[in-house]
Protein chains: 2
Amino acid sequence: MSQSIEQPADGTTGRTPVRAVPTSADVARLAGVSRATVSYVLNNTSAVRISEPTRERVREAARELGYVPHAAARTLRAGHSRLVLLPTAHVPVGPLYSGFFNDLQWALRRLDYTVVQYGSVGLAAEDAARAWAELRPAAVVSMGEVEVTPGAVEILRRSGVKAVITVGTRAAEGTHSLVLDQPRVGEVAAEHLIATGRRRIGVVVPEEPGLGMFSGPRLDGARRAAEAAGATVVPLPLAYTEESAVALAARWPELGLDAVFGYNDEYAMLLMRALQDAGVDVPGDTAVIGADDLLLGRLLRPRLSTVHIDLIEGGELAALVDDAVNGTADATGRRPLLDSRVIVRESS
Amino acid sequence: MSQSIEQPADGTTGRTPVRAVPTSADVARLAGVSRATVSYVLNNTSAVRISEPTRERVREAARELGYVPHAAARTLRAGHSRLVLLPTAHVPVGPLYSGFFNDLQWALRRLDYTVVQYGSVGLAAEDAARAWAELRPAAVVSMGEVEVTPGAVEILRRSGVKAVITVGTRAAEGTHSLVLDQPRVGEVAAEHLIATGRRRIGVVVPEEPGLGMFSGPRLDGARRAAEAAGATVVPLPLAYTEESAVALAARWPELGLDAVFGYNDEYAMLLMRALQDAGVDVPGDTAVIGADDLLLGRLLRPRLSTVHIDLIEGGELAALVDDAVNGTADATGRRPLLDSRVIVRESS
DNA sequence: ACGCGTCACTGACACGTGTCACCTATCTGA
DNA sequence: TCAGATAGGTGACACGTGTCAGTGACGCGT
């Protein structure tokens with residue numbers, strides 16, 4: 001405890017045993033200028049004039065020392081960061097999300113933001129918000145998995161977060177909300193099935209946790225369409241395992257369904273295979289339709305019909321984030337951003 | 001229209017009253033104590049004794065103000081962060097990776113680290129390293145997509161990064177390397193095919209960029225197995241589209257292959273379907289095997305044989321990261337980690 | 001010689017936190 | 001009574017950066 005580390009002692013001792021991380025002060029010393037000059041040169045600030053020979057000396061010194069600025073010190077000084085926080089409970093699998101995330105990250109990077117995926121497993125909404133707030137992000141973009149309560153928004157706002165954006169099934173108080181009309185997905189699926197003469201429609205409800213906020217609204221949408229046409233909707237709980245699908249298929253005769261909306265392509269494929277193995281003819285006895293328009297859906301026979309969902313483009317969302325951070329978000333109010341449409345193949 | 005955007009319904013659209021972010025000094029003032037005391041209480045430092053009434057006053061004040069510590073200031077003061085950087089060029093789709101990433105993030109969080117996915121699209125290795133270094137992470141875990149050159153390692157080390165860990169097809173100089181034995185995947189696949197009497201084996205090589213560092217070694221492994229048994233290996237370029245698969249299937253007769261290793265399950269499924277549509281009997285004429293053991297592979301008929309890959313567990317890697325940061329990791333350097341075994345179903 | 005403007009740069013402060021050394025009462029034992 | 005121990009706390013510094021207000025040198029017109 002009383003052992004002291006050898007002091008760098010400002011030039012008196014030339015060598016320190018541990019190689020310290022070079023700072024802008026080191027660069028300044030080597031280049032024979034002040035630290036302010038170093039800062040001006042490396043950030044090439046336009047308001048201050050520094051002669052070209054000096055600029056070059058500074059840059060050379062920085063290169064030689066391998067100087068890299070300290071992001072934490074920067075944000076501390078600046079009072080705000082360029083972090084965009086992306087809370088995730090479980091990282092969602094699925095190519096739809098992956099592709100979207102890729103685009104978003106790329107676009108935000110282009111705007112000089114850093115995207116941080118931050119897990120908050122098993123935390124209450126406001127505890128999670130506190131954890132996020134520690135990073136003092138410029139914006140928080142919640143993609144529907146994580147609930148954002150008004151209290152959580154208040155915590156974030158109070159910690160200096162400029163923009164809170166939610167993408168989910170419903171608008172969250174106090175945030176810029178991109179409302180994905182999940183009921184519409186179920187609705188167009190059901191409308192299609194009804195239009196092709198089906199009357200008793202099953203709707204798969206995944207048992208996996210975390211999907212409830214999508215499956216519920218899709219079920220509701222299907223119900224709405226069925227009601228309007230005098231058809232019937234039956235919810236079908238299903239886990240993403242072969243056993244569960246086989247068990248459901250075994251009950252098929254007693255259910256008396258002539259169509260099923262499989263929540264998404266993956267569940268639909270799983271169920272369709274089980275149905276075929278149980279002797280159910282698709283689409284003769286029962287029509288099947290999924291959602292998400294995966295390539296793999298075309299590999300089964302019959303090819304899987306699906307609902308194609310146009311998610312907002314990553315670049316578009318990135319622009320919204322930037323506007324919200326700058327306080328220049330357009331006040332156009334509601335704005336149509338995508339459509340869900342049925343792609344008919346062979347399974348319906 | 002199934003998506004809409006909404007403004008904050010707070011009445012304070014865009015323009016929030018400039019309420020200063022509370023600091024520990026504010027808490028101290030409100031509680032009537034010094035800032036040092038606040039720090040001791042909130043981090044409940046064991047070495048210093050603070051009376052229970054005072055502790056409670058401080059906690060109450062912090063609660064009332066909604067105080068949240070400033071991570072940047074903390075890491076600046078501490079000289080190091082608890083960030084674990086996970087560079088990604090493209091976020092890889094695929095459930096294998098997603099599941100792994102989930103586990104890793106969860107386990108590291110448990111050890112009080114924050115995982116940051118940081119994209120470095122189109123940057124040279126050392127430029128990317130400089131960008132990572134700005135965040136002064138405690139560790140950098142590169143998952144094989146991004147090349148880590150010795151120069152990049154030097155930059156990271158110099159910026160104070162405690163541990164550089166690479167997970168990939170080969171060890172990287174100066175890092176803790178987890179070597180995934182990719183050739184082994186191709187080898188076991190080919191050995192299985194040869195053992196069941198096949199002699200001319202096609203190996204799918206995806207045309208998608210970024211997969212080359214996996215597909216190349218797998219091809220080599222297959223070649224090695226074939227050579228040992230006097231069999232033949234033919235590389236088959238394939239893009240992840242139906243058209244590409246159909247085109248490849250059309251050339252099947254002239255290729256004269258009696259087996260194919262599909263790189264992974266997704267490519268294998270795509271190709272198998274195209275082969276069947278072209279009138280090729282699977283596994284009669286040609287055996288097909290994939291890799292990754294996806295559930296969807298069981299949905300096709302015949303069920304897809306596959307190579308099951310045991311990736312390192314997220315928790316295990318997290319422990320290694322922690323050890324490396326603390327300097328208590330065994331300096332073995334390289335360590336083989338990928339166990340591959342064939343799961344025979346019906347397609348081979 | 002003097003005022004004035006421009007050029008090229010520097011000194012010093014603030015951002016929010018953790019921690020070490022120090023300080024003042026009060027209590028203890030002889 | 002007095003030295004010493006202990007409880008409970010505080011003042012001050014350092015971390016690395018960006019930026020504002022100066023500051024000396026120099027050229028120029030009168």
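Keep in mind that this is a model prediction, so the values were computed, not measured. Proteins come first, then strands; the chains are lettered A, B, ... in the order of their sequence lines, and each starts at number 1. Computed over heavy atoms, backbone and side chain alike; hydrogens, waters and symmetry mates excluded.
- Atom CD1 in I50(A) sits roughly 9 Å away from atom P in dA8(C) (whole-Å rounding).
- Using a 4.0 Å heavy-atom criterion, one finds that T54(A) contacts the sugar-phosphate atoms exclusively.
- A straight line from CG of L76(A) to C1' of dC15(C) spans 4 Å, rounded to a whole angstrom.
- Between R74(A) and N43(A), the side chains place a donor N or O and an acceptor N or O closer than 3.5 Å (distance only, hydrogens not considered).
- Comparing dT17(D), dT10(D), dA12(C) by their nearest atom to the side chain of A36(A) picks out dA12(C).
- Between the CG atom of L42(B) and the P atom of dT19(C) there is a distance of 13 Å, given to the nearest Å.
- For dA8(C), the base has no donor-acceptor partner in the side chain of R49(A) [N/O atoms by modelled type, under 3.5 angstrom].
- For dC7(C), its base never sits under 3.5 Å from the side chain of Y40(A) at any donor and acceptor pair.
- Rounded to whole Å, the distance from NE2 on H70(A) to C1' on dC15(C) is 14 Å.
- Using a 4.0 Å heavy-atom cutoff across all strands shown, T37(A) reaches at least one base atom of the nucleic acid.
- Shortest non-hydrogen contact noted between R158(A) and P22(B) is O-CD, 3.9 Å.
- Residue R77(B) contributes atom CZ, which lies 16 Å from atom P of dA12(D) at whole-angstrom precision.
- As judged by a 4.0 angstrom heavy-atom cut-off over every strand, S39(B) is placed among the base-contacting residues.
- Atoms CG (N43(B)) and P (dT19(C)) sit 7 Å apart, rounded to a whole Å.
- Taking only distance into account, the side chain of R136(B) never meets the base of dG16(D) through a donor-acceptor pair shorter than 3.5 Å.
- Rounded to a whole Å, the CZ atom of R82(B) is 19 Å from the P atom of dT17(C).
- Dashed line: the shortest gap from a side-chain N or O of T75(B) to OP1 or OP2 of dC15(D) is not under 4.0 Å.
- Protein atom CG of N44(A) is 12 Å distant from nucleotide atom P of dG18(D), rounded to whole Å.
- Using a 4.5 Å heavy-atom cutoff, the side chains of I165(A) and V140(A) are not in contact.
- When each of dT17(D), dT17(C), dT10(D) is scored by its nearest atom to the side-chain atoms of T23(A), the top-ranked nucleotide is dT17(D).
- Each of A78(B) and R55(B) has a nearest nucleotide on DNA chain D; the 5'-most of these lies closest to R55(B).
- Distances shown here put every side-chain N or O of S24(B) at or beyond 4.0 Å from the OP1 or OP2 atom of dG16(C).
- Listed for the R110(B) side chain is no donor-acceptor partner under 3.5 Å among the backbone atoms of G315(B).
- For dG9(D), the base has no donor-acceptor partner in the side chain of R35(B) [N/O atoms by modelled type, under 3.5 angstrom].
- Using modelled atom types and a 3.5 Å distance limit, the side chains of S177(A) and T166(A) yield a donor-acceptor pair.
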